Protein chains: 2
Amino acid sequence: MRIGELGDTAGVALPTIKYYLREGLLPPGHRTSRNQAQYDDDHLRRLRLIRALIEVGGLPVAKVHDVLAAIDEPGLPVHKMLGAVSKGLCTPAEATHDPARTDARRQVEELIERHGWQVSDKTAEIDIVASVITRLAELGHPGFVTVLDAYFEACQRIAEADVDYVARLGKLEDVLEGVVLGTVFGEAALAAIRRLAHQSTSAKRFGPA
Amino acid sequence: MRIGELGDTAGVALPTIKYYLREGLLPPGHRTSRNQAQYDDDHLRRLRLIRALIEVGGLPVAKVHDVLAAIDEPGLPVHKMLGAVSKGLCTPAEATHDPARTDARRQVEELIERHGWQVSDKTAEIDIVASVITRLAELGHPGFVTVLDAYFEACQRIAEADVDYVARLGKLEDVLEGVVLGTVFGEAALAAIRRLAHQSTSAKRFGPA
DNA sequence: CCATGTGGATAGTGTAACTATCTATTATAG
DNA sequence: CTATAATAGATAGTTACACTATCCACATGG
């Protein structure tokens, strides 16, 4: 198909597609002449993925680029790819050396150990959780850490379901895409479901007034 | 304290504070003369809250405004406030009437019912989950819904821990702030912990190579 | 008293994500 | 075979957002 049809099918404005091509999010079409190119179903699929990451996942274009690059890296083992995707999705917590943060980091590491998780100790996510703890302490909520135990427990189940799902996909390239989609869409879904659970739990606890 | 000290203490540039005052995120100080005002610990606390919502929660200023307005609403019962905060935090899914979406909505409602949750059926979060399902189906992942069961299960525990935490705070205004912080910071922490769990689970499952 | 700090108004900056326009082609419907 | 529409690529413009800077008249405090 030609670029116009691609845009119509995916519901994306033509100049936007050109923009994605310029930014390298979308691979160029197969040229048939100086000003003509053909786009196939892979382009359509990729374009839908891009839009989904931006609209549902709220990712900036630059991060979409990183994530797609990780998917496209040939011969990357799945767990490396997972790391690359995570890194692409992560907004690293601001680096700081204040003692409160160091302490918070240790608390997170202890939670990881207590749950028997195998996690590289230079994972950026540890710092994210640590910065959440620190910020909450600054705001007068030092007790929030106790809640995190439940989060770890819950995430254990969630991660197993997630990994089960992508493992079942079988074909490597589907698995790679599955990891990205599972990470990003799963996060969006999880946040929404958690809020539904809040609504329900507080409704039940504080009476049907 | 004066505005300069407020900025220094909170680590926020003075023009930024003026900007937040203009936008109504921060209430004005207590005027002592035409061009002087005093700021107290409440202002400092509020300013830290604003920065936290923006930096950790990634909220746009406009949403911070909505959320703060919900906190400040006097005499609002907690569950109403929770709804207002959720609405403030929510990026509503694009409205659409395609049949796939209607079907996805029904799937979500079935999940809600199966878990016995009490949720208003016009909650925006239902549409968010539905749009995630639809998007994933479009991208060739119609099976992802099966994973959501685990998400619901997990969120049940999480929400109980969350509600326990804020209920323990006791004082109303602390509870209100706790709801905001728990929602926003909890979401950030949860996403990070989930990714840690992914790392661990896939490391264990796919061998210590 | 006078350098420094302030409130309020207005204007400017930088980035991100498009969106529009232009030119030289090429495809294609009539 | 021609007139219309579509296309690739380059460049420039737009919009929204979150600050950031400058100005002024006035106030504070060493």
Side-chain angles (χ1 to χ4, degrees), chain A residues 1-40 43-44 46-68 88-89 91 94, chain B residues 1-40 43-44 46-68 88-89 91-92 94 184:
Chain A
M1 73 187 97
R2 298 204 292 169
I3 196 171
E5 195 185 340
L6 179 65
D8 288 345
T9 313
V12 177
L14 200 142
T16 305
I17 296 179
K18 286 187 170 188
Y19 166 64
Y20 293 158
L21 286 167
R22 283 200 300 279
E23 296 294 310
L25 299 193
L26 205 54
H30 305 271
R31 301 301 293 275
T32 59
S33 67
R34 185 161 4 153
N35 66 333
Q36 294 292 297
Q38 283 293 311
Y39 301 86
D40 55 25
H43 287 100
L44 180 56
R46 172 57 58 97
L47 182 53
R48 285 207 170 113
L49 177 59
I50 293 167
R51 291 308 298 169
L53 292 175
I54 289 172
E55 286 176 29
V56 180
L59 298 197
V61 167
K63 277 184 195 287
V64 174
H65 182 272
D66 295 348
V67 170
L68 295 178
L89 298 175
T91 309
E94 71 287 27
Chain B
M1 74 187 99
R2 301 202 292 170
I3 196 171
E5 196 185 340
L6 178 65
D8 288 345
T9 312
V12 177
L14 200 142
T16 305
I17 296 178
K18 286 188 171 186
Y19 167 62
Y20 292 157
L21 286 167
R22 282 200 301 281
E23 296 295 310
L25 300 193
L26 205 54
H30 306 271
R31 300 301 293 274
T32 59
S33 66
R34 186 164 1 153
N35 65 336
Q36 295 291 296
Q38 282 293 311
Y39 301 87
D40 56 24
H43 288 99
L44 181 56
R46 173 56 59 99
L47 183 53
R48 287 207 169 114
L49 176 59
I50 293 167
R51 292 308 299 171
L53 291 175
I54 290 172
E55 286 176 27
V56 180
L59 298 197
V61 167
K63 277 185 194 287
V64 173
H65 182 272
D66 294 348
V67 170
L68 294 177
L89 298 174
T91 309
E94 71 287 29
V184 175

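All figures in this text were calculated on a predicted structure; none of them were measured in a lab. Throughout, a chain's letter reflects where its sequence line sits, starting with A, and its residues are numbered from 1.
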## Note on the structure
By nearest-heavy-atom nucleotide on DNA chain D, the more 5' of Pro60(B) and Lys18(B) is Pro60(B)
### Task
Would you mind reading off the distance between Gln38(A) atom CD and dA8(D) atom C1', rounded to a whole angstrom?
14 Å
### Task
Please determine if a side-chain N or O atom of Tyr20(B) lies less than 4.0 Å away from the OP1 or OP2 oxygen of dA18(D).
no
#### Entry: Val56(B) side chain near Val184(B) side chain, heavy-atom distance below 4.5 Å
no
### Query
Taking atom P of dC18(C) as reference, at what distance in whole Å does atom CG of Leu47(A) sit?
11 Å
### Message
By nearest heavy atom, map Glu5(B) and Arg22(B) onto DNA chain C; which one lands nearer the 5' end?
### Response
Glu5(B)
### Message
Taking the minimum atom-to-atom distance to the side chain of Thr32(A), which one of dA18(D), dA27(C), dA21(D) wins?
### Response
dA27(C)
### Task
Please report the closest heavy-atom contact between Leu44(B) and Ala10(B), naming both atoms and the distance.
CD1-CB, 3.7 Å
### Task
Supply the atom-to-atom distance Leu59(B) CG to Thr91(B) OG1, rounded to the nearest 0.5 angstrom.
9.0 Å
### Task
Please state how far atom CD1 in Ile17(A) lies from atom C1' in dA17(C), giving the value in whole angstrom units.
15 Å
### Message
Let me confirm one number: the CG-CZ distance from Asp8(B) to Arg2(B), rounded to the nearest 0.5 Å.
### Response
11.5 Å
### Query
Looking at CE of Met1(A) and CD of Gln38(A), how far apart are the two atoms once the value is rounded to the nearest 0.5 Å?
8.5 Å
Using a 3.5 Å cut-off and no angle test, enumerate the donor-acceptor pairs between side-chain atoms of residues 12-32 of chain A and protein atoms at least two apart in sequence or in another chain.
{"unit_1": "Tyr20(A)", "atom_1": "OH", "unit_2": "Arg51(A)", "atom_2": "NH1", "d": "2.5"}
{"unit_1": "Arg31(A)", "atom_1": "NE", "unit_2": "Ser33(A)", "atom_2": "O", "d": "3.4"}
{"unit_1": "Arg31(A)", "atom_1": "NE", "unit_2": "Gln36(A)", "atom_2": "O", "d": "3.3"}
{"unit_1": "Arg31(A)", "atom_1": "NH2", "unit_2": "Ser33(A)", "atom_2": "O", "d": "3.2"}
{"unit_1": "Arg31(A)", "atom_1": "NH2", "unit_2": "Arg34(A)", "atom_2": "O", "d": "2.2"}

### Query
Under 4.0 Å between a side-chain N/O of Arg31(B) and OP1 or OP2 of dA27(D), yes or no?
no
### Message
For a quick check of understanding: with a heavy-atom distance under 4.0 Å over all strands, which category does Leu21(B) fall into, base, sugar-phosphate or nothing?
### Response
nothing
### Spacing of Leu59(A) atom CG relative to dA16(C) atom P, expressed in whole Å
14 Å
### Query
With respect to the phosphate group of dT19(C), does any side-chain polar atom (N or O) of Thr16(A) fall under 4.0 Å of OP1 or OP2?
yes
### Query
Is any side-chain nitrogen or oxygen of Tyr39(A) closer than 4.0 Å to OP1 or OP2 of dA8(D)?
yes
### Task
Calculate the interatomic distance between Leu14(B) atom CG and dA18(D) atom P; express it in whole Å.
20 Å
### Query
Could you give the distance from CZ (Arg46(A)) to CG (Leu6(A)), rounded to the nearest 0.5 Å?
12.5 Å
### Query
How close or far is atom C1' of dT11(D) from atom OH of Tyr19(A), stated in whole angstroms?
15 Å
### Euclidean distance, atom CD of residue Glu23(A) to atom P of dG9(D) [Å, nearest integer]
15 Å
With 3.5 Å as the limit, what N/O pairs link the protein to nucleotides 3-5 of chain C?
{"unit_1": "dG5(C)", "atom_1": "O3'", "unit_2": "Arg2(B)", "atom_2": "NH2", "d": "3.3"}
{"unit_1": "dG5(C)", "atom_1": "N2", "unit_2": "Asn35(B)", "atom_2": "ND2", "d": "3.0"}

### Task
Round to the nearest Å and state the distance from Ile54(B) atom CD1 to dC17(D) atom P.
13 Å
### Query
According to a strict under-4.0 Å criterion, is Arg34(B) in side-chain N/O contact with OP1 or OP2 of dC26(D)?
yes
### Query
Going by heavy atoms in the side chains, are Arg48(B) and Thr9(B) under 4.5 Å from each other?
yes
### Message
With a cut-off of less than 4.0 Å, is there a side-chain N or O of Ser33(B) near OP1 or OP2 of dT28(D)?
### Response
yes
